[in-house]
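Each remark here refers to the structure printed beneath this line.
Computed from a predicted model, the values in this text were never measured in an experiment. Throughout, numbering of the chain's residues begins at 1 and tracks the sequence.
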Amino acid sequence: MTNPERTKILEMVAEGSLTIEQADQLLERLGAQSQASATPRPDQSQNASGFTTFTREQMAALEAYEVDADYIRALQEAGLRDLTVKQLIALKNHEIDAEYVKALMDLDLTGLTVKQLIALKNHEVEADDIVALREAGLTNLTVEQLISLKNYEVDADYMRALREAGFTDLTVKQLIALKTYEVDADEIRAKRVAGFTDLTVEHLISLKERGE
């Protein structure tokens with residue numbers, strides 16, 4: 001059986017024009033490499049990229065989670081290949097589509113794992129957020145740093161305001177610390193007018209803790 005034939009059968013199952021049982025019978029008639037109840041070789045059963053190694057149980061699972069051929073193909077075109085059935089279902093459950101993946105890949109965030117993609121999506125980190133942070137001066141951020149900045153609501157506008165107040169080259173850790181203590185640019189300017197010069201991040205936080 002050729003790959004296009006197998007792909008067509010999967011698409012027909014996804015569309016509802018074939019049941020799992022009918023697909024199984026058709027696979028056997030077309031000379032499938034093993035009966036549907038046979039256990040596939042480990043190196044094949046984990047590879048969904050070619051649509052050639054789905055067992056009946058895997059096809060049923062994909063159908064149950066509404067993972068169809070178009071969804072898989074779109075992810076492949078966005079840069080995600082060699083996904084397992086479990087990974088495909090996880091991506092679908094977390095509403096990660098090809099558009100989201102491609103937007104991140106276009107930012108040279110290649111090599112992202114399925115786990116990292118899910119984490120970024122769950123924390124609502126979008127490609128636009130990353131672009132804005134880069135334009136504000138934060139580049140080469142890790143997935144963990146992107147999530148931390150999002151969790152503490154440190155955005156490009158906050159960074160830009162601090163830079164205009166004279167605080168440049170702040171680390172992610174310092175930005176989060178300032179945001180946690182609710183130190184803003186207006187407050188920094190006010191302290192300088194009041195005579196506090198040579199302020200550091202530590203000074204600002206200390207003054208904030210003392211209510212000064």
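Summarising the geometry of Phe167 relative to Leu204, their closest heavy-atom pair is CZ-CD1, 3.4 Å, with the distance given to 0.1 Å. Here the closest heavy-atom approach between residue Glu164 and residue Arg189 is recorded as CB-NH2, 4.0 Å. In terms of heavy atoms, Gln87 sits closest to Asp82 at OE1-O, 4.2 Å. The two residues Arg163 and Asp169 have their closest heavy-atom pair at NH1-N, 4.3 Å. Taking all atoms of both residues into account, the shortest heavy-atom contact from Ala136 to Arg160 is CB-NH2, 4.2 Å.
In this structure, CG in Leu149 is found 11.5 Å from CD in Glu144, a value given to the nearest 0.5 Å. Between atom CG of residue Leu178 and atom CD of residue Glu202 there is a gap of 9.0 Å, rounded to the nearest 0.5 Å. The structure places CD1 of Ile130 at 12.5 Å from OG1 of Thr139, a figure rounded to the nearest 0.5 Å. Distance CD/Glu124 to CD1/Ile147: 12.0 Å, rounded to 0.5 Å. Summarising the geometry, atom CG belonging to Leu83 is positioned 11.5 Å from atom CD1 belonging to Ile89; distances are rounded to the nearest 0.5 Å. Note: Ile72 CD1 to Leu80 CG = 12.0 Å, rounded to the nearest 0.5 Å.
Taking a 6.0 Å sphere around OH of Tyr65, one finds it holds 12 or fewer heavy atoms contributed by other residues, nucleotides or ligands. Heavy-atom neighbours of Glu209 CD from other residues, nucleotides or ligands within 6.0 Å: above the threshold of 12. Heavy atoms of other residues, nucleotides or ligands lying less than 6.0 angstrom from CD of Glu66 number 12 at most. Annotation: Tyr100, atom OH; neighbour count of heavy atoms from other residues, nucleotides and ligands within 6.0 Å is above 12.
There is no side-chain donor-acceptor pair under 3.5 Å between His203 and Ser206.
Between Leu199 and Leu207 there is a side-chain heavy-atom pair separated by less than 4.5 Å. When side chains are defined from C-beta on, Val201 does not count as touching Thr171, because their heavy atoms never get closer than 4.5 Å. Looking at Leu133 and Leu146, their side chains come closer than 4.5 Å, going by heavy atoms from C-beta outward. Proximity of Asp155 to Asp129: side-chain heavy atoms (C-beta onward) are nowhere separated by under 4.5 Å. Within the 4.5 Å cutoff, the side chain of Leu138 has no heavy atoms near those of the Leu170 side chain.
Of the possible polar contacts, none joining the Asp106 side chain to the Ala103 backbone as a donor-acceptor pair under 3.5 Å is found. Panel note: side chain Tyr71, backbone Lys92; a donor-acceptor pair is recorded below 3.5 Å. Without hydrogens or angle criteria, Arg134 side chain to Leu107 main chain gives a donor-acceptor distance under 3.5 Å. Side chain of Gln58 to backbone of Thr55: a donor-acceptor contact under 3.5 angstrom is found. Checking side-chain atoms of Arg192 against main-chain N and O of Ala165 turns up a donor-acceptor pair under 3.5 Å.
Qualifying side chain to side chain donor-acceptor pair (under 3.5 Å) partners for Tyr152, counting only residues two or more places apart in sequence or in other chains: none.
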Under the side-chain contact (heavy atoms from CB on, under 4.5 Å) criterion, do Leu88 and Leu75 qualify, and how do the steps go?
-> CA-CA 9 Å; Leu88 286 165; Leu75 289 177; 4.0 Å; yes
Test Glu187 against Lys191 for salt bridge (charged side-chain N to carboxylate O under 4.0 Å, His left out), laying out the working first.
-> CA-CA 6 Å; Glu187 192 171 354; Lys191 282 180 168 44; 3.3 Å; yes
